[in-house]
Amino acid sequence: AAEYTIGVSNTVQGNGWREEMICAMRAQALVEEDVTNLIVAHRNTDSAGQLEDLNNLIEAGVDAIVLNPSNPDALNSALEMAMAKGIVVVAVDAGVSAEGAYILSNNQEEYAYLGAKWLFEQVGGKGDIVYMRGIAGVSADTDRDNGFKRALAEYPGIKVVHEVFTGWQQDQGKQQMFDFLATGIPFDGVWTSGIDNVIVDAFVESGAPLVPIVGADNAGFVQYLTEVDGLTGAAVTNPGSVGGAGIALAVDVLNGKAPGSKTVLVDPVLWENASEEGRATIMAAQNPNLDPEWPVSVTVPGWTDYTMEQIIACKGPGDS
Amino acid sequence: MSGIIRKNAWVAGLLALLVVLLVATRMIQPGFGVSGLESIARAALPFVFATTGMAVVVIVGGIDLSVASMMAVCAVTAAVLMERMAGVPAILIVLALGLAMGVINGGLIVATRVPDIVVTLAMLFVWEGVALLILESPGGSTADWLQKSIRGSFLIPGLPNALVIATVCIAVVWLPIRRARLGIAIYATGSDERAAFRSGVAVGRTRIAAYGICGLFSAFGGLSLAALTGIGEPVPGPYLLASVAAVVLGGVVLGGGRGGLLGPIIAVFILRIVRTILTLLAVDPNVTTIIEGTIMVGVVMLGTAATMRGART
Amino acid sequence: MSGTQLLDATGIAKSFGAVRALTEASLHVSEGEIVALMGANGAGKSTFVKIITGALRPDSGTVLIRGREARVGSPAQARRSGLVPVYQEPSLIPDLDVADNLRLTDTPVEPFRRWVEELGIRRLALSDMIGDLPLATLRILDLARALASAPDVLLLDEMTAALPTDLVERVLKVMRQKADEGMGVIYVSHRFGEISELCDRATVLRDGMSVGDLKIEPGVEDRAVELMLGQKLDLAARDIHKTRGTTGDRPRMRVKGVAIAPKVSDISFDLFPGEVLGVVALEGQGQDELFECMAGFMPPRAGSIEVNGVAADFRHPADAIAAGVKFVPGDRADALLAQRSVRENIALPFSARIRAWGGLKLRHERARVAHAIARLQIDTRAQGEVQRLSGGNQQKVTIGRWLATGVDTLLLFDPTRGIDVRTKRQIYPLVRELAEQGASVLFYTSELEEIPLACDRAVVIFNGRVVDIIDAEVADEQTLLRAAYGLVAQEGAA
Amino acid sequence: MSMVVTDPPLVRFGRFLRDNPVIPLVVFLFVLVAVLEIMRPGIVTPFRAGRDGVISTFWLGNLIKFAIPLAMLAACQVLTMLTAGIDLSAGIVATVAAFVCATLSSIWGVGPAVATALLAGLVVGVVNGIGVGLVRVHPLIMTLGTGLIATGVLQVYQRLVINAGSEIPGFLTWLGTGRTLAMPNGLFLFVPFALFIFWLMRFTGFGRLLFALGSNENAAKLSGVRAWQVYVALYALSGVIAALAGLLYLGIIRQTSLSLANPLMLPSVAAAVIGGTSIFGGRGSYAGAIVGALIIRVLDTMLTLMQMPEGARTVLFGLIILAVTAIYVRITGSR
Ligand SMILES: Nc1ncnc2c1ncn2[C@@H]1O[C@H](COP(=O)(O)OP(=O)(O)OP(=O)(O)O)[C@@H](O)[C@H]1O
Ligand SMILES: [Mg+2]
Ligand SMILES: [Mg+2]
């Protein structure tokens, strides 16, 4: 077997989704027999910091780089240099504009569109919605906003009464929801960008009647969809395990089995608990033992090869 | 006399540490050479500017928590302007903007008599908001030549352009000031404000000038961000804490009056190279965080023990 | 002696919140005239000087410079108008070297150098950091800097308080000489000797008000004191009750062959219970280091210190305090919590030990503090923050702290620095009283006349060595000064 | 010798405000609340009806509930700032404590989990104290460094417990989400805590020493204070307080996260400085910091409810913080 060294670059630390992504990368690298070494650069930083990490990975002589880009356009200088040196570049989760890079991306615009559309249908095409976004000025948030706006345009009866940025922080989101509830201004549904189960808690704790809530497939929220009385909601999948798929793709490319298209979009799926079959899907997907911030979709069928145990162990090649 | 020796000993120690780290990098990765140096210099660029700006205000006895936010404002402004106009006037506008933001910070501190840390904490939010108002999400673009200028090492063979540019910018701004009365006044104000006032220093104006310089360096920092990424990002990067850490590591005393710019700049390179080494060694990223924290604390501890600074409290 | 009037300040008033520092202060000085500004601690002298030189704004009043009304908004402006101060606190920048400090005030270097030498400081490089220089040198540099800018009127606020005798002599000489050349001098001091030697006239302040203008002539002291205090005070020494304590044979503290880098090479003496032992030395003979060493700030390089016959190995002032040795340092800025109240400053040692970290014993504390305040007559009008007290009252607080805790051994480093006559007259008996109650006091003073007044014996230190131990009864200024210049030792050696 | 004159009432009132600097702050808090009530009529009134005539929530209770952990972290800042220090590790310590407690509860049980969480805070605090007090590292660098180290350790730790699940101890949920007489149960923890801090600062020898070290360490040394002892105790206390705040926050948010309490870090510094604590040491008041925490929370609510671009909200937040402190400084004449 070949002996590949793969470099990983990620710019958000301390968030369940990203942690799962890293663990999926490790687990996939472990089961890929051609990968002998995985170098992970994983910290909180901006695009300039990611450039630094990418350059360091190039210096370290990796064969492929799998990155979750902080921005589609900002990293081109390093990515082009990498590809010029024959390094395979795979962007996961979001795309990059550098020519020649493989993109294995969660379709963020679709993610928002799917959930919003379901929500607007759920409230009957007419009503007041709370729109809880992520971090202002960050690419992923902008993509999702585009999807949300697209759905909004299709439902003229829907009005956004509150729009707020949670900063993708649990405490912020919960506190903001308390504030909205306190104003007494009624609303009919909540769309969240993944800060979801604390929103349900806010309703329950303040004794307010629940309204339909859209969240992500985080373990905590998915469990709430099965448990909480009177909660109608939907989880849109946004698998962190796409990172594992990225490793698999990189190895394929290194082994000369490059796919036809450079861009592979992993389209999200929506699980709702309003219908019988939806509930069945959710029951099958949920995993109460998982860290509540982790997405329950721990594998990407057709791409990843590791087992549940392996991703939870979170060990890569060379880790003891 | 001993003060000068103490100061220089600190900088010399840092320099020695930097050399040791460079040698270590070379040993870990025999291929590490000009291109590696070049990429470190480039990565260090925004940190260098943030740190020099911070160092100047710390020397005057203040602190500026809004550096990273001001850098974001400058970066997005540069990216927006360069879509519309030529690069050079855009750069001049950005530099003027940085200076203006710094002067506003300083002016507010002097006018309201609210402590530096509070004013700049508030301005951290203000400038961050301004950046978002200028550009809602990452975008814009920067002139091609600007992006190219900080790459490679064609200006002086072997010396990374980024390093040359940083040196020139800092030298052009700081050296004349340091030599002039304003430089002395900045140190005097930071060292003992009352004595400075009694010695005829216009304390308020000196302070405003120092914050203005910090704003100017933030503008350089913002420009370097725009040059690195080719776009403008309205979200402040991790430059605040990093610059405070580098300033203190570099031997500038929080509280003012003591230290120079060379030490903090060397400290920036030390912190950057440590990260490179950890990546080259493929250290677990979580352990990397632990090691970075330990090094930061450890170096200051060792330095304190070795030179017995702070003996005069 | 009446040239043109250089400065005429009338009706100056200034309040700090509820405290009226000045109510109606006036002062004038003419060419070639040296005017003493006198007043008890807290009378408002420093405030007056600060107002004239633009460091503070007056609430009301007028300042005329050469007969024309002047608005002096800042010290820089004052300097340009020819009014140059030397404030009570050093005003040089600690983190700059001498040269940069000069540039800051646009002071020409050559005249400065000349004045520094003239004033008796020899080893000074322009590259020396101010923060590394001793207090006395700083005072001289402050003065030299002022002189170098060739002022019309020089204002000296207790310039000599921190100076040893030899340097004081130089300063007085230079002042006299400059006055003869036509400069006007306003001279703030609590030392009658200096005033009668130097000044032509004295303006007396009491509670912020000008209460009189005196011509300096023999016997004027009593009148001045009466004006300053609003009451009569006997200046003679006879009311100081002096009985040699029950010495016994065992010294309380024994200093044996102590050497401290870099200045002290060999110092030995015994300090007995019930005795006040004076220390006489010129500037920089090692007395600072000796006191700091005895107080636990630094260990001796050689030799030993014993307390009650037990070797004392002080590693921290806390060790010294535990052994009953308490220290009042020379620089009050070192000893005070500037922003805290008088009470907290005095009560500080009560909380020092971990055992005392719990709840405060407020009643006990209040009583002790009140006692100390009363005993030292501290003017507590501005007691909320010690930094608002006048210089002299701040000094008293540093002593009051140890009166409140009670003392075995007290190390006083120039405790009467900047303290007015009346308070001095209170401090000598106080020291005697402590001795009578069995305490031992080591008493360094820069004013030699205090030695016979307060002490039983005096150790004279020159060049890091004890050159003589003199009985206070015979210790007149002449004798002490000769010894302090090391003349005794040389004769003895020859 | 009595020169203290009686002044006109206005001057005396000014002085009264200066001596009781919390009062203008409280006034400002009420002004903000009034503005909020005008913006959203009815929000402050405790019982109010939603669309279906159902009581929706108690805004005041929520305000206090979320202000409590912030005020507790602000205590870390006030205490350390008294000595001219700062504790930048407090937010991370709180996060660590919450995470450790939630994950260990399902493995070891609640008691040991809570004890371990507090112990983690103590350990970080003691390390800070040793660094600051014995090795004399600047507190800003020391606590920044230990904060980084703690973050790294937490990340390593979380990988060991990914599938351990998490459990929020019942009493924390009760403290965090329960109400008694419309007031959050968190007050049962906070009121004694605040009283303890007041007592500590005003009426204990330890409190005196904090002020003393902040105004002049040399003077404290001269009086026999061994500064390192105070620093070690101080930072250890700060670490434990931060851990306690983290536990309470866990009860409030009922969700573990690797960055749970980190967003409270800057606001806790802001609350302390708005409340009149000087970062240069020697001056500070905990009552002020509590009001500061409330002000920040009210501002948060106001801005959350305003419909405007995020950038404008952020600008406004900064400007209001600046305005509050500027007015405050003007009234109290202190810096
Ligand atoms: N900043 C201030 N705030 C409050 N009170 C002050 C302030 N400065 C001075 N005072 C008060 O004004 C009065 C006059 O003080 P000043 O320093 O002028 O006295 P002084 O005559 O110089 O005394 P000394 O001989 O002790 O130096 C004192 O009661 C002092 O407490
Ligand atoms: Mg005075
Ligand atoms: Mg004074």
Side-chain angles (χ1 to χ4, degrees), chain A residues 5-11 13-14 19 22 26 37-62 70-78 81 85 97 135-143 145-146 165 167 314-320, chain B residues 25 28-29 31-33 35-36 38-40 42-47 68 71-72 75-76 128-129 131-132 135-141 147-148 150-151 224-239 242 272 275-286 288-289 292:
Chain A
T5 296
I6 294 185
V8 167
S9 163
N10 173 48
T11 56
Q13 195 181 30
E19 297 300 326
I22 297 289
R26 285 206 170 92
N37 195 9
L38 192 73
I39 305 180
V40 183
H42 170 46
R43 58 169 170 152
N44 280 316
T45 187
D46 61 346
S47 296
Q50 187 159 32
L51 280 170
E52 176 184 8
D53 287 344
L54 292 173
N55 283 321
N56 284 339
L57 291 174
I58 296 171
E59 280 301 317
V62 295
S70 62
N71 183 284
D73 305 312
L75 309 170
N76 291 351
S77 62
M81 173 146 93
K85 293 196 170 184
S97 59
I135 297 177
V138 166
S139 294
D141 182 78
T142 313
D143 291 346
D145 188 46
N146 290 336
F165 290 86
C314 202
K315 293 223 160 68
D319 289 350
S320 49
Chain B
T25 317
I28 293 162
Q29 185 79 12
F32 183 88
S35 83
E38 198 266 333
S39 92
I40 288 178
R42 206 148 19 105
L45 208 51
F47 290 95
M71 283 166 73
V76 292
E128 188 180 330
L132 274 173
L135 203 57
E136 216 175 12
S137 61
S141 68
Q147 297 185 40
K148 292 223 179 72
I150 58 165
R151 278 190 229 147
S224 62
L225 281 179
L228 278 169
T229 59
I231 57 157
E233 283 183 302
V235 182
Y239 303 104
R272 285 354 292 157
R275 171 150 282 279
T276 304
I277 290 178
L278 293 173
T279 307
L280 292 178
L281 286 176
V283 174
D284 181 320
N286 300 324
T288 303
T289 314
E292 279 184 330

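Sequence lines set the chain letters: A, B, ... in the order given, protein chains first and strands last, and positions in each chain run from 1.
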Is it the backbone or the side chain of [X] that comes under 4.5 Å from a heavy atom of chain B, or both, or neither?
X	value
Thr142(A)	side chain
Val8(A)	neither
Asp73(A)	both

Q.
Please evaluate residues Asn286(B) and His42(A) with respect to the criterion side chain to side chain contact (heavy atoms under 4.5 Å, CB included), reporting the C-alpha separation (whole Å), side-chain torsions for both, the decisive distance (0.1 Å), and the verdict.
A. CA-CA 8 Å; Asn286(B) 300 324; His42(A) 170 46; 4.0 Å; yes
Give, as side chain, backbone, both or neither, the part of [X] having an atom under 4.5 angstrom from any heavy atom of chain A.
X	answer
Arg275(B)	both
Leu280(B)	both
Ile231(B)	side chain
Arg151(B)	side chain
Val283(B)	backbone

Can you give me the closest heavy-atom contact between [X] and [Y], atom names plus distance?
X	Y	value
Glu59(A)	Ser39(B)	CG-OG, 4.5 Å
Ser47(A)	Glu233(B)	OG-OE2, 2.6 Å
Gly137(A)	Val235(B)	O-CG2, 3.6 Å

Q) What residue among Val62(A), Asn55(A), Leu57(A) forms side chain to side chain contact (heavy atoms under 4.5 Å, CB included) with Thr279(B)? A) Leu57(A)
For the atom pair [atom1] ([X]) and [atom2] ([Y]), what is the distance rounded to the nearest 0.5 Å?
X	Y	atom1	atom2	result
Gln50(A)	Thr229(B)	CD	OG1	11.5 Å
Asp46(A)	Met71(B)	CG	CE	8.0 Å
Ser35(B)	Met81(A)	OG	CE	6.5 Å
Leu278(B)	Ile39(A)	CG	CD1	11.5 Å
Leu51(A)	Leu45(B)	CG	CG	12.0 Å

Q: Using the side chain to side chain contact (heavy atoms under 4.5 Å, CB included) rule, take Ser77(A) and Gln147(B) through it: C-alpha gap first, then chi angles, then the decisive distance, then the call.
A: CA-CA 9 Å; Ser77(A) 62; Gln147(B) 297 185 40; 5.8 Å; no
Q. Should Arg43(A) and Glu292(B) be marked as a side chain to side chain contact (heavy atoms under 4.5 Å, CB included) after you check the CA-CA gap, both sets of side-chain angles, and the distance that decides it?
A. CA-CA 12 Å; Arg43(A) 58 169 170 152; Glu292(B) 279 184 330; 5.7 Å; no
Q. In terms of heavy-atom pairs under 4.5 Å, which option from Ala60(A), Ala41(A), Ala136(A) contacts chain B the most?
A. Ala60(A)
